[in-house]
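Take a look at the structure below.
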Amino acid sequence: MSYVKTVRTRDLPPPPTESGLIGWLRHNLFSSWLNTSMTFVGLAVLLWTLPPFLGWALFKANWLGDSQNACVQPMGNPDGACWVFIKVRFGMLMYGFYPEVDRWRIDYAFLLLAASAGPLLMAGLLSPKHRDERILMVVPSLAVPVILALHGAGPASLALAYLAAPTLLSRLGTRTGKLPPSTGFFGRASAIVAASILAYWAGVLAAQTLQTGLEGVIGLVAGFLVFLLPTLRRSSSAMWRLALLLTVYPCIAYAFFIGGGFGLRYVETDLWGGMFLTLVLAGVGITASFPIGVLLALGRRSNMPVIRALCIGFIELIRGVPLISVLFMVSVMLPLTLPEGTHINKLLRALVGVSLFYAAYMAEVVRGGLQAIPRGQYEAAEALGFRYWKSLRLVILPQALRLVIPGITNTVLGLAKDTTLVAVINLMDLLGILKSALADSNWLGFTKEAYVFAGLAFWVICFGISRTSMRLEKRLRYGNR
Amino acid sequence: MDTSERLGTPEPIIRIEGLNKWFGDFHVLKDIDLEVFKGERIVICGPSGSGKSTLIRCVNRLESFQKGRVVVDGIELTNDLKRIDRVRREVGMLFQSFNLFPHLTVLENCTLAPVWVRGMPLKEATEMAMVYLERVRIPTQADKYPGQLSGGQQQRAAIARCLCMNPKIMLFDEPTSALDPEMIKEVLDVMVDLAKSGMTMICVTHEMGFARTVANRVVFMDAGEILEINTPAMFFQAPGSDRARLFLSQILRHEGGD
């Protein structure tokens with residue numbers, strides 16, 4: 001009994017019940033009796049909760065007006081949300097007690113941030129195939145006319161200088177030759193450090209003769225620039241942009257936030273508040289805790305017993321106490337231990353507290369990633385002649401950090417939301433401002449609106465972070481699947 | 001008399017004298033003496049756990065040792081990082097598990113060390129890497145990630161990565177042990193090519209066919225000692241020790257059965 005088939009069977013489309021919308025519904029919502037009944041229960045819950053909520057939040061809501069009267073009878077609808085309350089307080093919620101005429105300085109700094117970090121993120125999220133150097137040049141330059149229109153010529157020219165610097169510096173860097181090789185590593189390093197210190201003092205002197213009042217900031221910018229020039233000599237413009245974003249940008253932003261020079265009024269940090277303060281806390285916290293966390297993780301795996309013990313001690317101590325108590329410690333206990341008359345800014349103390357606290361968590365996340373890298377990777381790097389730091393930077397960390405992106409995102413989101421705890425040391429972040437607004441006797445009884453708004457604001461920030469990290473994770477998934 | 005004799009013979013490129021190593025209390029290497037001359041191909045074999053891998057890992061200082069001397073290309077290995085660096089520049093190493101960097105393409109794997117260790121411009125490094133990828137016959141795989149390659153291709157990429165550092169000496173730590181049988185040959189072919197080009201090679205391997213055709217000398221190790229150093233012909237015909245005879249009978253019987 002043999003069988004030979006000579007004709008090839010024609011391909012047929014799958015039955016209509018298995019593909020398209022019907023197929024999807026059958027597979028996902030009505031695949032079994034249990035599944036079908038769960039679908040109906042789910043629908044019922046949605047029908048029961050969603051319309052009243054939408055009615056309150058949107059359809060019956062009060063949007064117009066500028067006082068409480070707009071939301072109560074006879075003028076308003078008491079069954080709807082009173083967004084007038086949020087609208088009237090919006091400035092406060094965004095900027096805290098920052099003087100109204102100076103609020104453009106905050107807008108300006110965040111615009112500058114978006115113009116320099118945005119393209120970097122875009123370039124990082126795009127696959128190398130779609131990436132284009134031009135994104136890094138075009139997008140930032142688009143911001144300059146916007147700033148010119150909004151904030152005038154002075155800020156616009158600063159923005160132009162800052163945004164164009166990476167491209168210029170990378171061009172300049174590729175042209176300048178190497179430092180004399182005979183100086184060796186230490187000679188070179190000390191020359192760079194000495195030059196940047198000199199540049200710092202030159203900056204301070206220049207600022208003093210101009211009587212700007214921002215000597216420290218200008219000195220730092222000058223020092224950073226001189227320090228970066230030889231170290232990043234041959235880097236791409238993206239690398240330069242990142243480096244400037246992490247060193248020079250904070251100085252510019254701080255100069256604009258605090259003022260006190262170049263005709264900008266001094267605004268002390270006690271007046272900072274609202275969403276602005278939340279973003280400052282979260283931004284500084286994230287950028288500071290990440291590198292500290294990486295160093296702590298490396299220290300914990302170090303062969304040197306003293307360093308290892310110190311890192312373990314720090315991590316376990318910090319992880320053993322709640323953030324609130326850390327904030328209390330730095331704001332109440334720390335001043336007691338310092339000599340009389342020393343005053344450390346309250347915001348600075350909160351920033352240090354939050355950063356160190358989350359650095360400990362970050363460290364453990366990163367350590368998880370480091371442990372997942374097989375020993376062979378270290379050995380291959382060593383055998384090729386890489387020393388410790390280079391092999392970390394080029395071989396180990398890129399792999400380890402990619403593995404723990406979900407964990408890092410978790411920690412970052414935790415940090416972003418825990419910034420609300422600074423309320424215990426009387427800093428007025430978004431939630432703090434909302435609470436104080438609720439206590440206003442002209443606007444009693446709008447708790448629901450306040451917390452829904454706060455929830456939405458945090459959700460938008462956190463969802464943005466979460467999506468970005470997901471894109472990044474997808475983008476960095478190399479070849480193996 | 002001693003000196004006059006030495007004048008005639010070339011200086012060995014690797015000299016190992018009285019090497020002893022312990023892992024905790026465990027004595028892995030016992031009084032190893034070995035000289036390797038330029039252009040020589042040495043195959044080290046022996047039962048597993050005999051210290052073969054540990055021995056070659058002492059040559060580029062992936063393992064430290066407690067007693068004895070290792071001199072590579074005139075540089076004595078000590079704890080001094082600079083000397084270790086200099087030695088590692090001259091010595092390439094192949095691993096059983098390839099150890100390519102999975103986050104970089106094959107080409108980037110090859111250019112990483114020349115650019116970041118030797119300070120070579122990327123363009124030059126890329127051109128050189130393509131030459132070596134050509135030589136190991138995988139130029140078309142340059143832009144793929146290691147995870148997309150077969151085992152044999154990965155090991156050949158690892159060879160190209162080593163060659164990009166222009167080593168004088170190459171160490172092979174069981175380079176074919178993790179490969180499927182049909183891929184072993186393609187890697188061995190590349191290794192034979194290398195041998196023909198005059199590379200100094202030390203191979204830890206169970207490929208007795210390779211040892212027979214390529215090696216100048218075979219080193220047999222057991223329990224942390226060198227029991228025999230001999231030409232392949234002599235070693236396979238008349239192994240000097242009972243342990244070597246037992247080892248060979250086990251290995252060759254298995255090979256013959258294939």
Side-chain angles (χ1 to χ4, degrees), chain A residues 127-129 170 173-175 177-181 184-186 188 230-236 239 303 369-370 372-405 472-473 475-481, chain B residues 53 56-57 59-63 81-82 84-106 108-119 121-122 141 143-149 154 158 161-167 169-173 178:
Chain A
S127 64
K129 228 186 312 174
S170 74
T174 42
R175 291 225 181 125
K178 277 186 166 186
L179 289 179
F185 174 75
F186 284 105
R188 201 178 289 193
T231 30
L232 287 176
R233 212 170 356 116
R234 283 188 293 175
S235 304
S236 64
M239 201 65 210
N303 292 326
L370 289 173
I373 306 300
R375 213 164 64 111
Q377 292 287 310
Y378 291 91
E379 289 178 348
E382 265 185 70
L384 284 170
F386 286 104
R387 287 226 184 144
Y388 181 73
W389 289 107
K390 265 189 191 163
S391 75
L392 270 182
R393 186 175 132 209
L394 298 165
V395 177
I396 306 302
L397 281 180
Q399 295 182 56
L401 294 180
R402 191 201 71 103
L403 281 174
V404 294
I405 288 177
L472 201 63
E473 205 179 334
R475 155 70 193 88
L476 295 177
R477 190 179 291 164
Y478 36 74
N480 44 8
R481 65 202 69 127
Chain B
S53 293
I56 65 165
R57 288 157 63 90
V59 174
N60 68 346
R61 204 52 164 62
L62 282 186
E63 299 284 356
L81 284 177
K82 275 199 176 148
I84 296 175
D85 275 352
R86 274 167 62 204
V87 167
R88 284 182 182 158
R89 276 166 180 248
E90 309 301 341
V91 181
M93 186 166 199
L94 260 283
F95 299 87
Q96 183 178 350
S97 47
F98 328 134
N99 295 345
L100 289 169
F101 305 135
H103 62 301
L104 301 175
T105 63
V106 168
E108 288 167 335
N109 262 282
C110 292
T111 54
L112 194 72
V115 169
W116 290 94
V117 177
R118 287 214 194 272
L122 181 64
Q141 313 291 334
D143 291 322
K144 289 196 183 160
Y145 286 92
Q148 296 166 309
L149 268 55
Q154 287 193 47
R161 178 174 74 174
C162 267
L163 291 177
C164 283
M165 288 299 278
N166 292 319
I169 301 161
M170 278 181 74
L171 309 172
F172 296 79
D173 190 358

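Note on naming: letters A, B, ... go to the chains in the order of the sequence lines (proteins, then strands), and numbering restarts at 1 for each one.
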Minimum heavy-atom separation for [X] and [Y], please, with both atom names.
| X | Y | answer |
| --- | --- | --- |
| A:Gln377 | B:Leu100 | NE2-O, 2.8 Å |
| A:Gly385 | B:Arg88 | CA-CB, 4.3 Å |
| A:Ala380 | B:Phe101 | CB-CE2, 4.0 Å |
| A:Ala383 | B:Leu62 | N-CD2, 4.3 Å |
| A:Leu384 | B:Val117 | O-CG2, 4.0 Å |

Quick one: what part of [X] sits under 4.5 Å from any heavy atom of chain A, side chain, backbone, both or neither?
| X | value |
| --- | --- |
| B:Val87 | neither |
| B:Arg57 | side chain |
| B:Phe95 | side chain |
| B:Leu81 | both |

Under 3.5 Å donor-acceptor, [X] side chain and [Y] backbone:
| X | Y | value |
| --- | --- | --- |
| A:Lys390 | B:Trp116 | yes |
| A:Glu382 | B:Arg61 | no |
| B:Asn99 | A:Gly376 | yes |
| B:His103 | A:Leu394 | yes |

Subject >> Gap separating the CD atom of B:Glu63 from the CD atom of A:Glu379, nearest 0.5 angstrom >> reply: 7.0 Å
Original post:
Quick one: side chain to side chain donor-acceptor pair (under 3.5 Å) partners of B:Asp143, sequence neighbours excluded?
Top reply: none
**OP:** Look at B:Met165, B:Arg161, B:Gln96 and state which one has the largest set of heavy-atom pairs under 4.5 Å with chain A.
**Re:** B:Arg161
**OP:** Let me see the working for B:Leu112 and A:Val395 under side chain to side chain contact (heavy atoms under 4.5 Å, CB included), right down to the final yes or no.
**Re:** CA-CA 9 Å; B:Leu112 194 72; A:Val395 177; 3.9 Å; yes
